[in-house]
Amino acid sequence: MQSFQRLKCVCFVLVITLASALAACADNFLVYFGTYTGPGSKGIYVSRFDTASGKLTPPELAAETADPSYLAVAPDRQYLYAVNEIPGTSGFVSAFKLETTTGKLEFLDKQPSGGFGPCHLTVDPDEKFVVAANYNSGNVEVLPIRSNGFLAAPTCLIQHHGSSANPARQQGPHAHCVAFDADNRLYVCDLGLDKVMIYHLDENSGQLTTNEIPSAELEPGSGPRHIAFHPDGKYAYVISEMGATVTAFTYDSLNGKLTTIQTVSTLPADFQGNNTSAEIAIHPSGKFVYASNRGDDSIAVFAVDEKTGWLTRVQIQPTLGRTPRGFAIDPTGKFLIVGNQESNDVVVFRINPQDGRLAATGQKLEIGKPVCVTVVQN
């Protein structure tokens, strides 16, 4: 069994390496922007991104839909799914057919998200299910994907219970992120519980069951928000919204266990004021980790020690806008694209391949309330 798991891990790394090599040959990509709808925004927008120049074309409306605050693209790139985080109502998950030639999205259908405040979703590696996290109600829903990309009625709804140290923000569970590992385990960052919950997804029934190691705990009051797995299959990194930290874990592919090895701040030592950290991403090379700060309005850049997984901060780069909630690294690893929610703009940075540092390219787009950035290879 252990030999099989090791082989599976090696194959996973080879797939990631091959994907990165193929991406490096591409000239341009589609970039989708999820937004909060309102003045200047009607839904999901799309631009084309030139990897040679770092330029984005003027954004076009890809699909009109209410408050698509997070987007996920199926691995085969035929379909895109979005949460509709509509204030004051229960949310939805919407399905779209993706047209790579034009970038337009054809609405297929939608299903209730199973709770209030859906804020994140993902597609399982086998493209059979969409899983959504509902922040306000603290639960997770599984939706089957039909052969034509449409969504079926939910097969599972997991409700979290409990609270943590901060009575103002952690009076109950707040599921904030859902992410799969290579073995179809689902990791759920719950800001309200200061835990990353771990489940198994049954590919036949669509049911979630608790993993033999059910969770990983973070510092009380930290508020884990998003998780990212290192491409070598050895480490995982969690950004905590309230604590403004990134926690590094070793990751055991045999049982899914996360073991804390380090926690580092995303903020400069002299920062004063209010800050909530948001997005985390790992460079395709695995050499660097990036984390966004809303308040300091910056991206913290960390170098990864390949032998230990430890992080060393090398830069804090202002995002040249206000409230950087979401960002993405293009698959070639040359650029980082960040959406500044409150200044209504998107800014492009070039990534130094030697040390991971960011440098502004001068590229900026105006988009109303951009909160999610998703890059799709043509």
**Q** For residues 41-62, which residue pairs qualify under ring pair (Phe, Tyr, Trp, His ring centres under 6.0 Å), counting only residues two or more places apart or in two chains?
**A** Phe49-Phe335

**Q** Mind checking whether Tyr81 and Thr122 have side chains closer than 4.5 Å, heavy atoms only?
**A** no

**Q** Among His160, Lys195, His176, which residue satisfies the side chain to side chain donor-acceptor pair (under 3.5 Å) criterion with Asp190?
**A**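 Only match with Asp190 under side chain to side chain donor-acceptor pair (under 3.5 Å): His160.
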
**Q** Assess the residue pair Ile213 and Ser215 against the criterion (side-chain contact (heavy atoms from CB on, under 4.5 Å)); give the C-alpha distance rounded to whole Å, side-chain angles, the decisive distance to 0.1 Å, and a yes or no.
**A** CA-CA 6 Å; Ile213 297 172; Ser215 65; over 6 Å; no

**Q** For residues 149-156, run the donor-acceptor check on the side chains, cut-off 3.5 Å, and write out each pair with its distance to 0.1 Å, sequence neighbours left out.
**A**
unit_1, atom_1, unit_2, atom_2, d
Thr155, OG1, Gly206, O, 2.8

**Q** Check whether the side chains of Gln170 and Asp194 place a donor and an acceptor atom closer than 3.5 Å, and report yes or no.
**A**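 Gln170 vs Asp194: donor-acceptor pair found between side chains.
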
**Q** Going by side-chain hydrogen bond (donor to acceptor under 3.5 Å, both in side chains), name the residues that satisfy it together with Asp296, two or more places apart in sequence or in a different chain.
**A**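 Here the qualifying residues are Ser298.
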
**Q** Keeping the roles fixed (side chain from Ser222, backbone from Glu219), state whether a donor-acceptor pair exists under 3.5 Å.
**A** yes

**Q** Is there a side-chain contact between Ile367 and Pro59 (heavy atoms, below 4.5 Å)?
**A**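 Ile367 reaches Pro59 side chain to side chain.
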
**Q** Is a donor on one side and an acceptor on the other found under 3.5 Å between the side chain of Gln315 and the backbone of Gln317?
**A** no

**Q** Is there a chain of hydrophobic side chains (I, L, V, M, F, W, Y, each step under 4.5 Å between heavy atoms) that links Val314 to Ile329?
**A**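 Yes, it is one cluster - the side chains of Val314 and Ile329 are joined through contacts under 4.5 Å.
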
**Q** So which pairs with a foot in residues 64-80 pass salt bridge (Lys or Arg N to Asp or Glu O under 4.0 Å), sequence neighbours left out?
**A**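 Passing the test, one end in residues 64-80: no pairs.
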
**Q** Quick check on Gln262: does its CD atom have over 12 non-hydrogen neighbours (other residues, nucleotides or ligands) under 6.0 Å away?
**A** yes

**Q** Report the distance from atom OG of Ser253 to atom CZ of Arg185, rounding to the nearest 0.5 Å.
**A**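 The distance works out to 7.0 Å.
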
**Q** How far does CG of Asp126 sit from CD1 of Ile145, to the nearest 0.5 angstrom?
**A**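 One gets 10.5 Å once the value is rounded to the nearest 0.5 Å.
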
**Q** Can you find a pair of side-chain heavy atoms, one from Thr319 and one from Val347, that are under 4.5 Å apart?
**A**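 Result no, sub-4.5 Å side-chain heavy-atom pair not found.
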
**Q** Are a donor atom and an acceptor atom from the side chains of Thr245 and Ser265 found within less than 3.5 Å of each other?
**A**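 No.
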
**Q** Once side-chain contact (heavy atoms from CB on, under 4.5 Å) is applied, do any residues pair with Pro75, and if so which ones, sequence neighbours excluded?
**A** Val123, Glu127

**Q** Distance-only, no hydrogens or angles: does the Thr65 side chain make a donor-acceptor pair with backbone N or O of Gly43 under 3.5 Å?
**A** no

**Q** How does the hydrophobic cluster around Ile198 look, that is, which other residues are in it when side-chain heavy atoms under 4.5 Å mark a link?
**A**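 Listed partners: Tyr187, Val196, Leu218, Ile227, Phe229, Val238, Phe249, Tyr251, Leu258.
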
**Q** In terms of heavy-atom contacts, does CD of Glu212 have more than 12 from other residues, nucleotides or ligands at under 6.0 Å?
**A** yes

**Q** Can Val83 be reached from Phe107 by stepping across I, L, V, M, F, W or Y side chains whose heavy atoms are under 4.5 Å apart?
**A** no

**Q** Is the closest side-chain donor-acceptor distance between Thr51 and Thr332 under 3.5 Å?
**A**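 Short answer, no.
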
**Q** Should Ile316 and Leu358 be counted in the same cluster of Ile, Leu, Val, Met, Phe, Trp and Tyr side chains packed under 4.5 Å apart?
**A** no

**Q** Determine, stepwise, if the pair Thr209 / Asp202 fulfils side-chain contact (heavy atoms from CB on, under 4.5 Å).
**A** CA-CA 8 Å; Thr209 56; Asp202 186 299; over 6 Å; no

**Q** Just by distance, no angles: are the side chains of Ser94 and Asn84 close enough, under 3.5 Å, to form a donor-acceptor pair?
**A** yes

**Q** Hey, are the side chains of His230 and Tyr237 touching, using non-hydrogen atoms and a 4.5 Å cut-off?
**A**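 Sidechains of Tyr237 and His230: in contact.
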
**Q** Determine which pairs satisfy side-chain hydrogen bond (donor to acceptor under 3.5 Å, both in side chains) with at least one residue from residues 350-371, sequence neighbours left out, and list them in order.
**A** Glu342-Lys369

**Q** Taking only residues two or more places apart in sequence or in another chain, which ones pass side-chain hydrogen bond (donor to acceptor under 3.5 Å, both in side chains) with His174?
**A** none

**Q** Give the minimum heavy-atom separation between Ala244 and Ser277, together with the two atoms involved.
**A** CA-OG, 3.2 Å

**Q** With sequence neighbours excluded, give me every salt bridge (Lys or Arg N to Asp or Glu O under 4.0 Å) pair touching residues 34-54.
**A** none

**Q** Are the side chain of Asp345 and the backbone N or O of Leu365 linked by a donor-acceptor pair below 3.5 Å?
**A** no

**Q** Supply the atom-to-atom distance Ser47 OG to Tyr32 OH, rounded to the nearest 0.5 angstrom.
**A** 10.5 Å

**Q** Any donor and acceptor pair, going by atom type alone, linking the side chain of Asn134 with main-chain N or O of Ser113 inside 3.5 Å?
**A**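 Answer holds: yes.
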
**Q** Ring pair (Phe, Tyr, Trp, His ring centres under 6.0 Å): which pairs involve residues 266-296, sequence neighbours left out?
**A**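 Every pair satisfying ring pair (Phe, Tyr, Trp, His ring centres under 6.0 Å) with a residue in residues 266-296: His283-Phe288.
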
**Q** Under 4.5 Å between side-chain heavy atoms, hopping through other hydrophobics if needed: is there a path connecting Val93 to Val140?
**A** no

**Q** Got Val31 and Thr374 here, is their nearest side-chain heavy-atom distance under 4.5 Å?
**A** no

**Q** Please tell me if the side chains of Gln111 and Leu143 come closer than 4.5 Å, counting only heavy atoms from C-beta onward.
**A**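 When only atoms from C-beta onward are counted, Leu143 and Gln111 do touch, with a gap below 4.5 Å.
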
**Q** Would you check if the side chain of Asp330 reaches a backbone N or O of Lys334 as a donor-acceptor pair within less than 3.5 Å?
**A**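 Yes; at least one donor-acceptor contact below 3.5 Å.
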
**Q** Checking Asn184 against Glu203 for the side-chain hydrogen bond (donor to acceptor under 3.5 Å, both in side chains) test, could you report, in this order, the C-alpha distance in whole Å, the side-chain angles of both residues, the deciding distance, and whether it holds?
**A** CA-CA 8 Å; Asn184 258 21; Glu203 297 180 18; 2.8 Å; yes

**Q** Going by salt bridge (Lys or Arg N to Asp or Glu O under 4.0 Å), name the pairs with one or both residues in residues 236-263, residues two or more places apart or in two chains.
**A** Arg169-Glu241, Arg225-Glu241, Glu241-Arg294

**Q** List the steps, then state whether side-chain contact (heavy atoms from CB on, under 4.5 Å) holds for Ile44 with Leu80.
**A** CA-CA 11 Å; Ile44 303 170; Leu80 180 147; 4.0 Å; yes

**Q** Between atom CG of Leu71 and atom CG of Leu121, what is the distance when rounded to the nearest 0.5 Å?
**A** 8.0 Å

**Q** Could you tell me if the side chain of Phe302 sits less than 4.5 Å from the side chain of Val246, heavy atoms only?
**A**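 Answer yes - side chains close enough.
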
**Q** According to side-chain hydrogen bond (donor to acceptor under 3.5 Å, both in side chains), who are the partners of Glu85, at least two apart in sequence or on a separate chain?
**A**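 Glu85: side-chain hydrogen bond (donor to acceptor under 3.5 Å, both in side chains) contacts with Tyr36, Ser69.
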
**Q** Is there a donor in the side chain of Asn139 and an acceptor in the side chain of Gln159, or the other way round, less than 3.5 Å apart?
**A** yes

**Q** With rounding to the nearest 0.5 angstrom, report the CG to OG1 distance, Asn293 to Thr266.
**A**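 Here the interatomic distance stands at 3.5 Å.
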
**Q** Enter the distance from Glu279:CD to Arg325:CZ here, rounded to the nearest 0.5 Å.
**A** 9.5 Å

**Q** Between Asp297 (side chain only) and Thr323 (backbone N and O only), is there a donor and an acceptor less than 3.5 Å apart?
**A**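 Yes; judged by distance alone, with no hydrogens or angles, the pair exists.
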
**Q** Around atom NZ of Lys97, are there more than 12 heavy atoms from other residues, nucleotides or ligands closer than 6.0 Å?
**A**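 Correct, the count exceeds 12.
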
**Q** Hey, any chance Val289 and Val264 share a hydrophobic cluster, counting ILVMFWY side chains that come within less than 4.5 Å of each other, even indirectly?
**A**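 Yes, same cluster.
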
**Q** Hey, does Val304 have a side-chain heavy atom less than 4.5 Å from the side chain of Leu311?
**A** yes

**Q** Has His120 got a side-chain atom pairing as donor or acceptor with Val178's backbone, closer than 3.5 angstrom?
**A** yes

